[in-house]
Amino acid sequence: MIALSIFFAGLTSILPTAEVGVQIISSMFNVSRTKAAMYLIATSLLLGIPDSVPSIADMMLRAVSITIFFTGIFELYPVISSKVLKILNSKLSPLEMGIVVVAITFFIIEGLYSMYSAAKQGHLYLLSPPAIAIAIILFGLLADKILIKGAPPA
């Protein structure tokens with residue numbers, strides 16, 4: 001029973017995540033849902049096979065751990081974006097803006113510290129976790145220029 005409940009718990013978390021991934025791929029690359037699902041499966045396969053090696057899995061996990069702090073900044077951007085505030089016909093109070101500044105400062109300091117501590121540990125990896133994290137962060141910064149905009153085909 002425990003194994004069955006763990007299986008269903010994992011299944012119920014993977015399926016919604018995959019669905020969101022298909023929707024994001026479909027809208028960003030302007031492709032049908034079928035192609036988006038194929039791209040998601042191919043990407044999972046390309047990341048999953050090498051990630052089965054323990055040292056590569058550790059390297060990727062460290063890179064994701066570093067990137068989480070910078071992802072927080074990407075998620076906070078719409079809160080302070082003037083376009084979003086105009087659409088909502090809203091303005092940030094000084095207290096709210098102070099909280100945003102403190103959060104961004106915290107995310108930057110913790111992200112840089114985790115990048116520094118991962119580089120300082122100096123494990124022998126194919127790529128260093130900070131280098132992978134920087135690549136992910138750059139993709140987040142440049143995604144609007146790289147990816148296609150527009151409605152996906154029906």
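Scope of the values below: all heavy atoms of this structure, side chains included, with no hydrogens, waters or symmetry mates. Just so it is clear, the model here is predicted, and its values are computed rather than measured.
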Practice task
Evaluate side chain to side chain contact (heavy atoms under 4.5 Å, CB included) for Phe70 paired with Met115, printing each intermediate quantity in order.
Solution key: CA-CA 11 Å; Phe70 297 102; Met115 200 176 287; 3.8 Å; yes

Problem - side chain to side chain contact (heavy atoms under 4.5 Å, CB included), paired with Val22, selected from Leu40, Thr17, Thr34 - result: Leu40

Exercise for the section: Check the hydrophobic clustering (I, L, V, M, F, W, Y; side-chain heavy atoms under 4.5 Å; chains of links allowed) and say if Met28 and Val20 are grouped together. Expected result: yes

Practice task
For residues Val31 and Ser26, report the shortest heavy-atom separation together with the two atoms involved.
Solution key: O-OG, 2.9 Å

Handout entry: Ser114 OG to Ile109 CD1 distance, which is reported to the nearest 0.5 Å
Key = 12.0 Å

Exercise for the section: Output the distance between atom CD1 (Ile73) and atom CD1 (Ile68), rounded to the nearest 0.5 Å. Expected result: 13.0 Å

Fill in the blank from the handout: The salt bridge (charged side-chain N to carboxylate O under 4.0 Å, His left out) partners of Glu96 (sequence neighbours excluded) come to none

Completion exercise
Separation between OG1 (Thr71) and CG (Leu76), nearest 0.5 Å, reads 12.0 Å

Problem - Heavy-atom closest pair, residues Val101 and Thr105 - result: O-OG1, 2.7 Å

Practice task
Assess whether atom OH of Tyr116 is packed by more than 12 heavy atoms of other residues, nucleotides or ligands within 6.0 Å.
Solution key: no

Problem - Approximate separation, where rounding is to 0.5 Å, of Ile99 CD1 and Leu95 CG - result: 4.0 Å

Exercise for the section: Examine Leu112 and Phe74 and state if one hydrophobic cluster contains both, with Ile, Leu, Val, Met, Phe, Trp and Tyr joined whenever side-chain heavy atoms are less than 4.5 Å apart. Expected result: yes

Handout entry: Cluster check Ile108, Ile66: I/L/V/M/F/W/Y, side chain < 4.5 angstrom
Key = yes

Handout entry: CD-CG distance between Glu19 and Leu15, expressed to the nearest 0.5 angstrom
Key = 9.0 Å

Practice task
Starting at CG of Asp58, measure out to OG of Ser65 and round the result to the nearest 0.5 Å.
Solution key: 9.0 Å

